[in-house]
Amino acid sequence: MRTALNALTDELRRLKTTGIKSVSVSEAGLLALRAVIRGRQSSSAVVGNLASAARPIAAPPMPVAKPKVVEPKLPPPPVVTLPAGDKAGRWAALVAAAQGDPVALAHVPPGKKIVCGTGDLDARILLIGDAPGLEEETEGEPFVGPSGQLLTKMIGAMGLKRSEVYLASLMTWRPDATVPAAAGQIGHRGPTDEEMRYCLPYLRAQIEIVQPTLLVALGSSAAQGLLGSSAFKALGEVRGEWREFAGRPLMVTYHPSYILRNQSNRSKRMIWEDLLKVMERAALPISEKQRAFFL
Ligand code: URA
């Protein structure tokens, strides 16, 4: 009987190596097994019976229509807690937190950087874009590419230096480029609502540190990231108007990349009129010459 059982276990092992994880035993197989146990049948007959009865248990049929489960791609937004202390210390802690964020790090290609805001920690004006581009993720600083260079000129036209405002983007990483950079085009896609929601606590923390008089949202992605994606359909509905974010006045205007694509005086004047409102609210001096820019 021992030989028969050895033969049986050998056969089960062999079946296992072929990927069979369970076997069903036919009535005949069971009878043969019982017969062996009673010492009435040869081992080879048992093994033959079991082998012929062994079938992989069929997988249950797949449901035709899968239930629609929307899987979030990102974990919930981080909780950013700022330490007590002076602005510089709190800002350093915020940058360290943003740069150590594992979700952000997973989105940054090798050799590229997480991008936090920069500028005067006592600035009256805090300007917000949607997401870093190629140049920004390379330098680790917002608004250093073509849009940033134009933004620096716009800030100059307001009578300020770049270092006298605070510049930030909603996102701390560049959304994967799905749009190749082409002539006159910036090679990155807009961030998703979920991506912006994820990064928003870092921006809120920067606003809390700087305590600016007002905020400026540059472009529709940034404005939707701050106001919610259902707040407007076209930027024209909200641009030039005062809204509110984090308890501060928020001016919505075009992103400088819009001007890079539309070089007309009319486009420039539209943004400039929004910036004149910003200057007024921030109590910046405005000359007659400035009032007449792009007219
Ligand atoms: N656009 C942004 O929103 N941020 C940058 O840093 C550059 C371009």
Side-chain angles (χ1 to χ4, degrees), residues 91 94-95 98-99 101 104 107-109 111-120 123 125-156 161-182 184-207 210 212 214-227 229 235 238-239 245-246 250-263 267 271 274-275 278:
W91 185 79
L94 161 90
V95 172
Q99 289 180 342
D101 184 310
H107 284 86
V108 177
K112 304 296 181 189
K113 295 179 183 159
I114 285 173
V115 182
C116 276
T118 184
D120 184 358
I125 301 173
L126 193 153
L127 298 115
I128 306 160
D130 55 345
L134 276 172
E135 293 83 358
E136 287 79 17
E137 73 168 358
T138 304
E139 301 282 321
E141 186 174 328
F143 289 107
V144 291
S147 300
Q149 285 156 21
L150 178 56
L151 182 61
T152 305
K153 282 190 193 159
M154 288 156 61
I155 293 164
K161 296 195 199 88
R162 180 181 161 101
S163 58
E164 290 175 310
V165 298
Y166 190 89
L167 300 173
S169 295
L170 245 155
M171 299 284 303
T172 61
W173 70 82
R174 181 169 82 100
D176 326 330
T178 50
V179 182
Q185 270 216 328
I186 312 296
H188 70 262
R189 68 168 167 85
T192 64
D193 286 352
E194 190 187 25
E195 286 173 326
M196 290 195 285
R197 255 197 315 277
Y198 183 86
C199 293
L200 200 53
Y202 294 113
L203 178 70
R204 282 185 183 277
Q206 290 170 85
I207 296 170
V210 177
L214 59 89
L215 310 168
V216 181
L218 300 165
S220 54
S221 288
Q224 286 187 330
L226 299 175
L227 299 173
S229 53
L235 191 67
V238 286
R239 77 139 264 264
F245 181 77
L250 168 72
M251 170 57 66
V252 177
T253 191
Y254 292 97
H255 194 280
S257 61
Y258 173 78
I259 296 293
L260 291 178
R261 294 191 303 267
N262 305 277
Q263 296 271 352
S267 309
I271 295 201
D274 300 344
L275 294 181
V278 166

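Keep in mind the model is a prediction, meaning the values are calculated, not measured. Numbering of residues begins at 1 and proceeds along the displayed sequence. Basis for what follows: all heavy atoms, side chains included, without hydrogens, waters or symmetry-related copies. Remember, it's 1-based here, ligands and their atoms both numbered in the order they're listed.
- Between His255 and ligand 1 there is a heavy-atom distance shorter than 4.0 Å.
- For ligand 1, one of its N or O atoms has an N or O atom of Asp130 under 3.5 Å away.
- Here Glu135 does not pair with Lys112 in a salt bridge; the nearest charged N to carboxylate O distance is not below 4.0 Å.
- Both the backbone and the side chain of Pro142 come within contact range of ligand 1, each with a heavy atom under 4.0 Å.
- Under the 3.5 Å distance criterion, with hydrogens and angles disregarded, a donor-acceptor pair is assigned to the side chains of Asp274 and Thr253.
- Proximity of Ala131 to ligand 1 is established by a heavy-atom distance of less than 4.0 Å.
- The shortest N/O to N/O separation between Ser169 and ligand 1 falls below 3.5 Å.
- Taking a cutoff of 4.0 Å between a charged side-chain nitrogen and a carboxylate oxygen, Arg189 and Glu195 qualify as a salt bridge.
- Taking the six-membered ring where tryptophan is involved, the planes of His107 and Trp173 are essentially parallel, since the angle between them stays under 30° and well short of 60°.
- Of the N and O atoms on the side chains of Arg162 and Thr152, at least one donor lies less than 3.5 Å from an acceptor on the other residue.
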